[in-house]
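Counting begins at 1 with the first residue of the sequence.
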Amino acid sequence: MPLYKFLGFLNIALVAVITSPLWLRLLNKWFFHSSNPGFAKLLKALRTLHKPLAFVLLASIVLHGYLALGAFRLHTGTLAGLAFVAAAILGLLFYLVRVAPNPKPRAQLPSGATSVNMPRRRVRGLLLAHRTLVAVAVVLVVIHLVSPWLLSG
C-alpha cells in the first residue's frame, strides 16, 4: 500500500479519535444516559489527546496531499485540508483568547472581589465556530472520498 493511502486511512482514524469526545458525549446524552465514572474518565482522556492529535492530523494531511498530488493543486482533499487548518486555528484561538467577565453589579460579586480580578472567560462563539467548521471539514472529507477529482472538471 502506498504511503499516501496509509496516511489517508490514518487521517480518517485521527479525525474519528479527535472528534470522539463530542460525539460520544452527545450519543450518551441522547441514547445511553450513562453516569459510569469509567465513561467520564474515557472522555477526559480523549479530551487530553485532542490537541496533540490535532497537530499530528494537520501534519499528516499536508504530507498525504503532497505525496498524492506532488504539488499544491485545487482538489477536494485540498478543500478538506484547508477546512481542518481553519478549524484548528479557531480551536487554538478558543483555547488562547479570554475576555473579561460580564460586569456584575457590586452586590452580586463575591466578598472582596472586583470585576477587575474576576477570572477571565473563554469566547464561546469561537468554540461553536470551531465545531461547525470541523463538521464542514468532515463533510468535505466524505466528498473527497466519494469523488476526489470533482473540482478538476
Side-chain angles (χ1 to χ4, degrees), residues 1-102 116-153:
M1 173 187 304
L3 182 58
Y4 75 91
K5 283 189 178 183
F6 171 76
L7 288 172
F9 287 117
L10 177 67
N11 291 344
I12 291 171
L14 285 171
V15 168
V17 171
I18 291 168
T19 59
S20 63
L22 176 64
W23 53 262
L24 281 175
R25 186 175 52 82
L26 290 176
L27 284 174
N28 186 51
K29 179 180 171 183
W30 294 336
F31 300 110
F32 305 122
H33 312 292
S34 172
S35 58
N36 185 342
F39 183 72
K41 279 185 175 181
L42 172 66
L43 287 181
K44 185 174 182 174
L46 289 170
R47 280 194 303 267
T48 303
L49 290 172
H50 180 86
K51 290 177 199 75
L53 286 182
F55 288 113
V56 171
L57 175 65
L58 293 179
S60 180
I61 285 171
V62 171
L63 186 57
H64 167 73
Y66 178 75
L67 291 175
L69 299 175
F72 182 83
R73 293 187 191 148
L74 187 57
H75 186 265
T76 56
T78 308
L79 293 181
L82 289 174
F84 276 115
V85 168
I89 290 170
L90 287 173
L92 187 62
L93 285 174
F94 172 74
Y95 180 73
L96 296 176
V97 174
R98 298 188 186 238
V99 295
N102 292 330
V116 174
N117 66 7
M118 293 291 288
R120 297 174 71 79
R121 63 183 173 82
R122 291 193 170 142
V123 182
R124 187 144 171 80
L126 287 173
L127 179 62
L128 181 61
H130 167 69
R131 289 179 176 170
T132 302
L133 203 47
V134 168
V136 168
V138 168
V139 169
L140 288 171
V141 167
V142 171
I143 292 170
H144 173 60
L145 293 173
V146 173
S147 182
W149 299 104
L150 183 67
L151 299 177
S152 64

Could you give the side-chain donor-acceptor pairs of residues 67-96 under 3.5 Å, partners two or more places apart or in another chain?
unit_1	atom_1	unit_2	atom_2	d
R73	NH2	L69	O	3.4
H75	ND1	G77	N	3.0
H75	NE2	P148	O	3.2
T76	OG1	H144	ND1	2.9
T76	OG1	P148	O	2.9
T78	OG1	R73	O	2.6

Without placing hydrogens or testing angles, list every side-chain donor-acceptor pair under 3.5 Å for residues 5-17, not counting sequence neighbours.
unit_1	atom_1	unit_2	atom_2	d
N11	OD1	S60	OG	2.4
N11	ND2	L7	O	3.3

### Message
Can you pull out every side chain to side chain donor-acceptor pair (under 3.5 Å) where at least one residue sits in residues 20-31? Sequence neighbours excluded, please.
### Response
T19-W23
### Query
Is there any side chain to side chain donor-acceptor pair (under 3.5 Å) pair reaching into residues 127-139, and which pairs are they, with sequence neighbours excluded?
none
## Note on the structure
Sorted by chain and residue number, the side chain to side chain contact (heavy atoms under 4.5 Å, CB included) partners of V136 (sequence neighbours excluded) come out as L133, L140
### Message
Tell me every residue that passes side chain to side chain contact (heavy atoms under 4.5 Å, CB included) with V123, counting only those two or more places apart in sequence or in another chain.
### Response
V97, V99, L126
Identify every side-chain donor-acceptor pair in residues 48-56 under 3.5 Å, counting partners at least two apart or on other chains, and give the distances.
unit_1	atom_1	unit_2	atom_2	d
T48	OG1	K44	O	2.9
H50	ND1	I18	O	2.9

### Query
Nearest 0.5 Å, what's the CD1-CG distance between I143 and L151?
9.0 Å
May I have the list of side-chain donor-acceptor pairs in residues 34-41 shorter than 3.5 Å, sequence neighbours left out?
unit_1	atom_1	unit_2	atom_2	d
S34	OG	N36	N	3.1
N36	OD1	G38	N	2.8

